[in-house]
Each structure stands twice: as structure tokens, then as C-alpha cells.
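Every chain is numbered from 1 and lettered A, B, ... according to where its sequence line falls, protein lines coming before strand lines. These numbers were taken from a predicted model, which means no experiment stands behind them.
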2 protein chains.
Amino acid sequence: MKPPSEKSAGRRKSGPSFEPLQPHEIELADFFVRMAGILGVPRSVAEIYALLYVSSGPLDFDHIQGRLGMSKGSVSQGLKFLRDHEMVLSVKEKGARRERWQPTPSLAASLVALLRSQVLPALEQAQPGLQRVLADAQQRGAQPEVIERLSRLNRWNSRALELAPLLLPPPGS
Amino acid sequence: MKPPSEKSAGRRKSGPSFEPLQPHEIELADFFVRMAGILGVPRSVAEIYALLYVSSGPLDFDHIQGRLGMSKGSVSQGLKFLRDHEMVLSVKEKGARRERWQPTPSLAASLVALLRSQVLPALEQAQPGLQRVLADAQQRGAQPEVIERLSRLNRWNSRALELAPLLLPPPGS
DNA sequence: CTGATGTTTCAATAATTTTTGAACTGAGGC
DNA sequence: GCCTCAGTTCAAAAATTATTGAAACATCAG
């Protein structure tokens, strides 16, 4: 579909060029892309993570960009996302100019951090609103069935908020 | 942004018109929309569910369309989605022509069904691919660190698949 | 069977999200 | 200070996803 025009990737200035992904790398990337999709994480982010995950050592910015054939902007934003969610950490050797990236040791912890950042704010923000909706229904003398539903929703929300810090401990514990 | 042109909703032929959502209904809808967003469920679907959730009795197609001011197509697709995921069930009174909808008793069960349908297929489909990626890495004599990562990923996947039927029992148990 | 009603389908359109890349910033090195 | 390198920002373009609505289909009453 796309014309085979030189994308910015593939060759940087007159610098080194990078080989495209190998079949086994593509397969893993597909898996991560799919899983990420469920959580609403963009493809490019999943691809970066997958590449770091199958790579032997940490990779620098240009390697990531080159091997994935993706724009600087995407690599920068993707790494920012992964950093923010503690899914990736940088290893800057002393004297070196550029940062090199590798996946955080525990993928489980990474996923937890990701879920946290998505679900918790929603629950927190919803709390007062849900209470108001329930109070409103009671005041209006709504059907018992509706009141019951809204009560249950409130209880759930509260319990989830109480449990959250236990199940999904904040960074550093 | 949109011109205030008569959308198909609001008035059907010369039929009854429906009042727009009340503030308390909007608040609940916002909550469901947010939560749905995390799972990648479209806004229109969440809105339908929210409306049924705060309503006293089952609602028919036209009521849903009218109160939400949304197209027939969206209502139809939205109900299909909710039906497919067992989040909603229809109550057709004998002799009545139209179906009337209400939320499934357990929201918990509904969410479980939803997750099931998203996560399980991904895990299943990934299984052989992941095994291949690992075998490949072993054969190529990849770094022990990489092998270890890929092994862990495989173990996870397998365990998740084993546990799935226990934690997320298929419909009818 | 026929007409009316209720629902689904799906191509076109609209809205949203993601990606790109060029301009910009900041940190060293000289 | 000035230049280069490393990375960020963000407006515009591309890609994706959701919604619309008209036409097709289905079902039931008469």
C-alpha cells in the first residue's frame, strides 16, 4: 500500500544502517502489540518494548529507530511512555554520550504499574460522582432495584480503592 | 462543532420524543464510558449500558435510541456487543412485538466475560508462536538472559491458559 | 400473501488516535 | 562562545476506529 519511498529510517545521514526485524523478532513483537492493544497502548510502544525484550544487551536510541524503521518522534515518545511506566531503564556507561535502554527486570511489575496508572485515577475520580448518583436516586425515591445496583457499584468502587494499594503497591516497596 | 441539525434521534416519524439524559444519568454514563475506554470498548456501548443500568425497567430499542440521541445503527451494534458479552438480556413479554433490554444481574460476571473474550484468544493464539520464538533463541545460542526472559514469558502464558477456565469459567456454570 | 413494524447491515463519513519530521532545546566538548 | 550531538516537542498528515443512515432483511398480524 505505501510506496517504497525511503522512510527516515533505514539510513541516517551517512551513518550505519540497521537490519530489519528477523522473523522471530516480528513474532514476539506481534504478541506484545496484541497484548498492548487490549490495554490501549500504541503499537509503536509495544514494538520498542518487544525489541528490547529479545535483544541481548541494552540498545541506544538510534538502534531502536533503525531496526524498527520508525521516526525519531515515535521512538522518543515511546521511550518516554515506557520510562514513565517503569517498563524500561537506561544504562548510561560513564563517559558515554548516549543512553542505552533495556527492559525492567520484572514484566509483571511493569504490567502492574501500567494497570495502576490507568485504572486507579478512574476509580478515584469516579468516587464522589458515584456517591452523588446514589444519593440522588435515593432522594428521588427511585426503584429499589436501581438503588441496589447503584449501592453495589459504590461498594465495589470503595473496595477497589482500599485494595488497590495492597495489590498494586506504589513504586518502591 | 456539529451543526444543530435534527439528528435522526429526538423524534421518530411523528412518534414520541424522548427527554435527554438527566445530570445524574450523565454522571453515571461518564463513569462507564471511562471504564470502558480502558478496555477499548466504544463510548456508545458504554452509554447504552449505563442507561439500562440506571433505568427502572427494561427499555426498548426506540427508548434507547431516543434518550441517547444516537443512530439506529449504533444502538443495534451496541446491543449486539452487549448481548454477545452477556452484559444485557432481553425480556420479551408475550404478545409484545419489541424486545426490551436490561442489564445482566451481575456486573462482575459481565466484566469477566468481557475480559475473557479479549485476553483469552490472544493468549491462545500466542502460545505456539511464543514457543517457536523460544526454541529459535535456544537454537541460535542466544544470551542466557534472553533465553531466561523468553522462558518466563512462555511459562506465564501457559499458566494463564491453565488458570483461565478456573478463574473465568465459561458461560453456564 | 401483504403490509407494517422492528432490527441489522454496511458503505460513506466523522471523530479520534498515532505517527511523522522539521524546528527546537539542552548538554557537553573544544 | 560556538558547534555538534542527542533527544524532545508539537503541528500536520496518516491511519485507525466509531458513528451514521439508508437500504435490506426478518417477523409477525391480519
Side-chain angles (χ1 to χ4, degrees), chain A residues 1-3 5-16 33-34 36-48 58-66 68-84 88 90-101 118, chain B residues 1-3 5-16 33-34 36-48 58-66 68-84 88 90-101 118:
Chain A
M1 283 290 126
K2 284 185 228 162
S5 67
E6 278 288 286
K7 292 162 79 177
S8 73
R11 195 169 308 280
R12 253 178 78 75
K13 286 184 179 175
S14 56
V33 166
R34 249 190 108 133
I38 293 171
L39 290 167
V41 173
R43 153 177 294 267
S44 62
V45 172
E47 284 179 353
I48 294 173
L59 299 186
D60 69 27
F61 196 103
D62 283 1
H63 277 260
I64 297 170
Q65 186 188 352
L68 293 174
M70 119 187 346
S71 70
K72 265 171 171 248
S74 287
V75 175
S76 176
Q77 287 178 186
L79 284 174
K80 176 172 178 11
F81 180 99
L82 292 170
R83 248 185 281 131
D84 290 351
V88 108
S90 90
V91 187
K92 184 150 58 177
E93 276 155 40
K94 64 178 177 186
R97 195 77 181 278
R98 355 186 68 210
E99 309 224 57
R100 301 172 72 224
W101 300 93
Q118 298 227 300
Chain B
M1 282 289 128
K2 284 185 229 162
S5 67
E6 277 289 284
K7 291 160 78 175
S8 73
R11 195 167 309 278
R12 253 179 78 72
K13 288 185 178 172
S14 57
V33 166
R34 250 189 107 136
I38 293 172
L39 290 168
V41 174
R43 153 176 294 267
S44 62
V45 172
E47 284 178 353
I48 294 172
L59 299 186
D60 68 27
F61 196 103
D62 283 2
H63 276 261
I64 297 170
Q65 185 188 353
L68 293 175
M70 123 188 342
S71 70
K72 269 169 173 255
S74 286
V75 175
S76 176
Q77 287 179 186
L79 284 174
K80 176 169 177 16
F81 180 98
L82 291 169
R83 248 184 281 131
D84 290 351
V88 110
S90 91
V91 186
K92 184 149 57 175
E93 274 155 42
K94 63 178 177 187
R97 195 76 182 277
R98 357 183 68 210
E99 308 223 57
R100 302 173 71 225
W101 300 93
Q118 300 227 300

Inset, instruction - Quick one: pull up CE in M70(B) and CD in Q65(B) and give me the separation to the nearest 0.5 Å. - result: 9.5 Å
Inset, instruction - Check the distance between dG7(D)'s P and L82(A)'s CG and give it to me in whole angstrom. - result: 15 Å
Legend entry - Separation of R98(A) CZ from S90(A) OG (nearest 0.5 Å): 13.0 Å
Inset, instruction - For R100(B), answer base if it contacts any base atom (sugar-phosphate contacts may also be present), sugar-phosphate if it contacts only those atoms, and nothing otherwise; contact means non-hydrogen atoms under 4.0 Å. - result: nothing
Inset, instruction - Check every strand shown and say whether S76(B) touches a base, only sugar-phosphate, or nothing at a heavy-atom separation below 4.0 Å. - result: base
Inset, instruction - Name the closest nucleotide to the F61(A) side chain, picking from dT19(D), dT19(C), dG7(D). - result: dG7(D)
Legend entry - NZ-CZ distance between K92(B) and R97(B), expressed to the nearest 0.5 angstrom: 9.0 Å
Inset, instruction - For the side chain of S71(A), starting at C-beta, report the closest nucleotide among dT19(D), dT8(C), dT20(C). - result: dT20(C)
Inset, instruction - Find the distance between CG (L79(A)) and CD (E99(A)) and round it off to the nearest 0.5 Å. - result: 9.0 Å
Inset, instruction - Starting at atom CD of Q65(B), determine the distance to atom C1' of dT5(C), rounded to an integer number of angstrom. - result: 14 Å
Inset, instruction - Figure out the CZ/C1' separation between R98(A) and dT8(D), and round it to whole Å. - result: 15 Å
Legend entry - dT17(D) OP1/OP2 closer than 4.0 Å to side-chain N/O of R43(A): no
Inset, instruction - To the nearest Å, give me how far apart CD1 (I38(A)) and C1' (dT17(D)) are. - result: 17 Å
Inset, instruction - Confirm from the modelled atom types if K72(B) and dT7(C) form a donor-acceptor pair under 3.5 Å, side chain to base only. - result: yes
Legend entry - Exercise: identify the closest heavy-atom pair between K72(B) and F61(B): O-CZ, 3.6 Å
Legend entry - 5' priority, DNA chain D, between G73(B) and Q77(A) [closest heavy atom]: Q77(A)
Find every protein N or O atom lying less than 3.5 Å from an N or O atom of nucleotides 25-30 of chain D, and list the pairs.
from: dT27(D); atom 1: O2; to: R97(B); atom 2: NH2; distance (Å): 3.0
from: dC28(D); atom 1: O2; to: R97(B); atom 2: NH2; distance (Å): 3.3

Inset, instruction - Go through dT19(D), dT8(D), dG7(D) for me and flag the one nearest to the E99(A) side chain. - result: dG7(D)
Legend entry - Whole angstrom value for the distance that separates C1' of dG7(D) from CG of D62(A): 10 Å
Legend entry - Enclosure of R100(B) CZ (heavy-atom neighbours >12, cutoff 6.0 Å): yes
Inset, instruction - Ignoring backbone atoms, establish whether S74(B) has a side-chain N or O less than 4.0 Å from OP1 or OP2 of dT20(D). - result: yes
Inset, instruction - Report the distance from atom CD of Q77(B) to atom CG of D84(B), rounding to the nearest 0.5 Å. - result: 11.5 Å
Inset, instruction - Send over the distance from M70(B) CE to dT8(C) P, rounded to a whole Å. - result: 15 Å
Legend entry - Spacing of H63(B) atom NE2 relative to dG6(C) atom C1', expressed in whole Å: 14 Å
Legend entry - Rounded distance (Å) that lies between atom P of dT19(D) and atom CZ of F81(B): 12 Å
